[in-house]
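Below is one structure; the comments refer to it alone.
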Amino acid sequence: MLDIELIRKNPDFVKERLSTRDKSLVELVDEVLQLDAERRSLLKDLEGLRASRNAKSKEIGALKKRGEDTSLLEEEVKKLKEKIELYEEKLSFVEERLRDVMLRIPNLPHESVPVGEDETYNVEVRRWGKPKEFSFEPKPHWEIGERLGIFDFERAGKISGSRFVFLKGWGAKLERALINFMLDLHSRKGYKEIMPPHLVKPEVLVGTGQLPKFEEELYYCERDDLYLIPTAEVPLTNLFMKEILSEEELPIYMVSYTPCYRREAGSYGKDIKGIIRQHQFNKVELVKIVKPEDSYVELERLTADAEDVLKLLGLPYRVVLLCTGDMGFASAKTYDIEVWFPSQGKYREISSCSNCEDFQARRMNTRYRDSQGRLHFVHTLNGSGLAIGRTLAAILENYQQKDGSVVVPEPLREYLRTEVIAI
RNA sequence: GGAGGGGUGGCCGAGUGGUCGAAGGCGGGUGAUUUGAAAUCACCAGUGGGUUUACAGCCCACCGGGGGUUCGAAUCCCUCCCCCUCCGCCA
């Protein structure tokens with residue numbers, strides 16, 4: 001959520017920044033300004049009425065103590081009460097609308113973010129590793145995996161539908177090895193390992209920004225009014241929802257492995273083959289809660305920590321700075337890390353590292369008290385470190401051999417106790 | 001799932017219809033004392049919102065959430081949520 005005061009005091013700046021994402025957002029700002037003015041005018045009247053009611057009720061109390069007659073005053077307060085109720089109704093209507101509009105406005109892009117309406121305006125900031133030259137035509141990961149008997153898409157379709165998979169044998173083991181490898185790596189670097197709930201309340205998803213705008217992306221359990229998490233970012237970032245942290249507690253670094261559940265509505269036809277886009281996938285997620293002045297340095301470090309996973313696994317990648325039009329709803333600045341897929345001859349997203357500044361903190365109401373005793377919203381960051389399924393796919397493709405076997409990257413060997421996965 | 005108990009400020013905890021935004025304690029801040037610290041003493045401090053140049057003053061709201069009774073609710077009623085204890089069930 002944006003700071004209403006910023007919108008009020010500097011509407012043109014807010015409009016300018018938002019329109020770099022999407023021109024139509026300007027209308028929402030105008031709506032906010034109008035509703036906010038309405039709200040304040042109603043509130044002023046209402047508070048005046050309440051003040052006089054309070055004063056008169058107090059007087060009644062005093063008069064009664066002395067045994068005097070109060071029926072006239074009581075009659076007056078009764079009339080005031082009706083008027084108050086009317087104003088309260090009007091006000092809560094306006095406030096509800098204001099809140100709803102506010103919750104649908106995305107974060108302001110940071111000034112260092114390139115302006116552009118789609119991914120063609122993203123800027124590559126660095127590359128690491130050289131794509132391997134194959135002496136044969138590199139196969140897509142699903143062909144490699146099916147031949148090795150480690151993917152079973154058909155039976156997954158039978159029991160769950162499309163975009164699900166059974167990982168079997170070495171596939172399941174490799175997935176598990178990657179989870180452990182990444183958790184171990186990040187916890188050694190000072191991230192605290194967390195196992196969060198996978199089902200969360202609606203307000204939690206409002207906190208991180210998935211609700212109210214992206215409801216159709218989420219799995220929902222109606223009987224219990226709970227949502228399946230689309231990423232560990234949701235429970236981790238919200239861990240300190242509605243809390244006031246002390247300055248010494250910051251920064252907080254967390255790492256978590258969870259499955260992610262996404263309906264992938266509106267992605268029909270995209271990546272139908274393979275395990276790139278699934279309704280359920282595993283991910284190791286990094287979340288940081290920091291002081292505002294540190295958040296941009298922390299974003300660079302977070303991104304570097306995610307990159308380390310690929311470096312250690314020897315997978316070529318590049319880092320892309322997303323443009324304004326391609327960034328997620330809550331983010332002020334995002335780096336995507338894209339890993340090389342030989343069969344596609346392309347880099348594909350495997351991690352997304354974002355600084356949300358105080359956007360989520362406002363929604364969650366997570367603050368900290370500084371040494372002067374003042375309250376500030378924290379800044380929140382998140383990044384995949386990394387998406388497990390896509391890492392597994394990248395390993396299959398980058399480490400495939402002519403005979404269909406796959407070499408196990410060095411750091412995973414101690415977890416898998418094998419150097420090669422063959423039929 | 002059943003029975004009972006409970007949710008009050010950063011924390012603990014008193015408060016059962018009218019100067020209660022809320023006693024007291026801890027923790028915090030400022031000052032005094034001290035060479036310094038501890039201890040002691042004095043004083044200051046909730047959060048959000050409105051008004052405003054103002055973190056001054058004034059006003060409004062907030063005692064788990066929502067609704068109700070009343071001239072007036074932290075206090076009474078309804079409802080939901082959460083926590084604790086016991087029983088049942090269960091990986």
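Within every chain, numbering begins at 1; the chains are lettered A, B, ... in the order of the sequence lines, protein sequences first and strands thereafter.
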Measuring only the P atom in each nucleotide, how far is U75(B) from G18(B)? A whole number of Å is fine.
12 Å
Who pairs with Lys333(A) by salt bridge (Lys or Arg N to Asp or Glu O under 4.0 Å), at least two apart in sequence or on another chain?
none
CD1/Ile289(A) to SG/Cys356(A) distance, rounded to the nearest 0.5 angstrom?
11.0 Å
Watson-Crick/G-U partner (both atom distances under 3.5 Å) of A91(B):
none
Under the side chain to side chain donor-acceptor pair (under 3.5 Å) test, which residues partner Arg417(A), sequence neighbours left out?
none
NZ/NE/NH1/NH2 to OD/OE distance under 4.0 Å, Arg163(A) and Glu264(A)
no
What pairs with Lys291(A) under side-chain contact (heavy atoms from CB on, under 4.5 Å), at least two apart in sequence or on another chain?
Glu247(A), Leu250(A), Glu293(A), Asp294(A), Tyr368(A)
Under a 4.0 Å N-O cut-off, is there an ion pair linking Glu88(A) with Arg50(A)?
yes
Taking a pair to mean Watson-Crick or G-U wobble geometry with both distances below 3.5 Å, U85(B) pairs with A3(B)
Going by the rule ring-ring contact (aromatic ring centres under 6.0 Å, His included), which residues pair with His379(A) if we only count those two or more places apart in sequence or in a different chain?
none
Base, sugar-phosphate, or nothing for Leu375(A), non-hydrogen atoms under 4.0 angstrom?
sugar-phosphate
Categorize Arg66(A) for me: base, sugar-phosphate, or nothing, with a 4.0 angstrom heavy-atom threshold over every strand shown.
nothing
Can you work out whether Arg8(A) or Arg369(A) has the more 5'-proximal nearest nucleotide on RNA chain B?
Arg369(A)
Taking RNA chain B as the partner, which of residues 32-42 of chain A come within under 4.0 angstrom of it by heavy atom?
Arg39(A), Arg40(A)
What residues 200-209 of chain A contributes to the RNA chain B interface at heavy-atom separation below 4.0 Å is none
Can any side-chain N or O of Thr366(A) pair as donor or acceptor with the backbone N or O of Glu243(A) at less than 3.5 Å?
no
Mind jotting down which residue pairs meet the ring pair (Phe, Tyr, Trp, His ring centres under 6.0 Å) criterion with at least one end in residues 143-162 of chain A? Sequence neighbours excluded, please.
Phe151(A)-Phe153(A)
Pairing partner of U40(B), by Watson-Crick or G-U wobble and under 3.5 Å for both distances, is A32(B)
Just do the side chain to side chain contact (heavy atoms under 4.5 Å, CB included) check on Phe181(A) and Val309(A) with the steps written out, would you?
CA-CA 9 Å; Phe181(A) 166 62; Val309(A) 178; 4.1 Å; yes
Base, sugar-phosphate, or nothing: which does Lys58(A) touch, judged by heavy atoms less than 4.0 Å apart?
nothing
Any residue meeting side-chain contact (heavy atoms from CB on, under 4.5 Å) with Leu375(A), in chain and number order, not counting sequence neighbours:
Ile244(A), Arg367(A), Arg369(A)
What residues in residues 81-105 of chain A put a non-hydrogen atom under 4.0 Å from any atom of RNA chain B?
Lys81(A)
Determine the contact category for Lys56(A): base if any of its heavy atoms lies under 4.0 Å from a base atom, sugar-phosphate if only primed atoms, P, OP1 or OP2 are that close, otherwise nothing.
nothing
P atom, C90(B) versus U16(B): distance in rounded Å?
45 Å
Which value, in whole Å, describes the distance between the P atoms of nucleotides C26(B) and C43(B)?
15 Å
Outermost contacting nts on RNA chain B, any atom under 4.0 Å from chain A heavy atoms, listed 5' then 3', are G18(B) to G72(B)
On a whole-Å scale, what distance lies between the P atoms belonging to G17(B) and G28(B)?
37 Å
Check the orientation of Tyr191(A) and Tyr253(A). Use parallel for under 30°, tilted for 30 to 60°, and perpendicular for over 60°.
tilted
Judged by atom type as modelled, is there a donor-acceptor pair below 3.5 Å linking the side chain of Asn398(A) to the main-chain atoms of Ala394(A)?
yes
Name all residues meeting the side-chain contact (heavy atoms from CB on, under 4.5 Å) criterion together with Arg147(A); count only those two or more places apart in sequence or in a different chain, and write none if there are none.
Lys139(A), Ile423(A)
Taking atom C1' in both A14(B) and G9(B), what distance in whole Å separates the two?
13 Å
Classify the nucleic acid contact of Leu73(A) as base, sugar-phosphate or nothing, counting any heavy atom under 4.0 Å across all strands shown.
nothing
Between Ile244(A) and Ile4(A), the residue closer to the 5' end of RNA chain B by nearest nucleotide is Ile244(A)
Between G72(B) and G5(B), how far is it from one P atom to the other, in whole Å?
31 Å
Atom C1', compared across C55(B) and G46(B): separation rounded to whole Å
14 Å
Any-strand Watson-Crick or G-U partner of G46(B), both distances under 3.5 Å
C62(B)
Using atom P of each nucleotide, how far apart are G29(B) and U35(B) to the nearest Å?
23 Å
Residues which pass side-chain contact (heavy atoms from CB on, under 4.5 Å) with Pro259(A), listed by chain and number, not counting sequence neighbours:
His198(A), Tyr257(A), Tyr261(A), Gln280(A), Asn282(A)
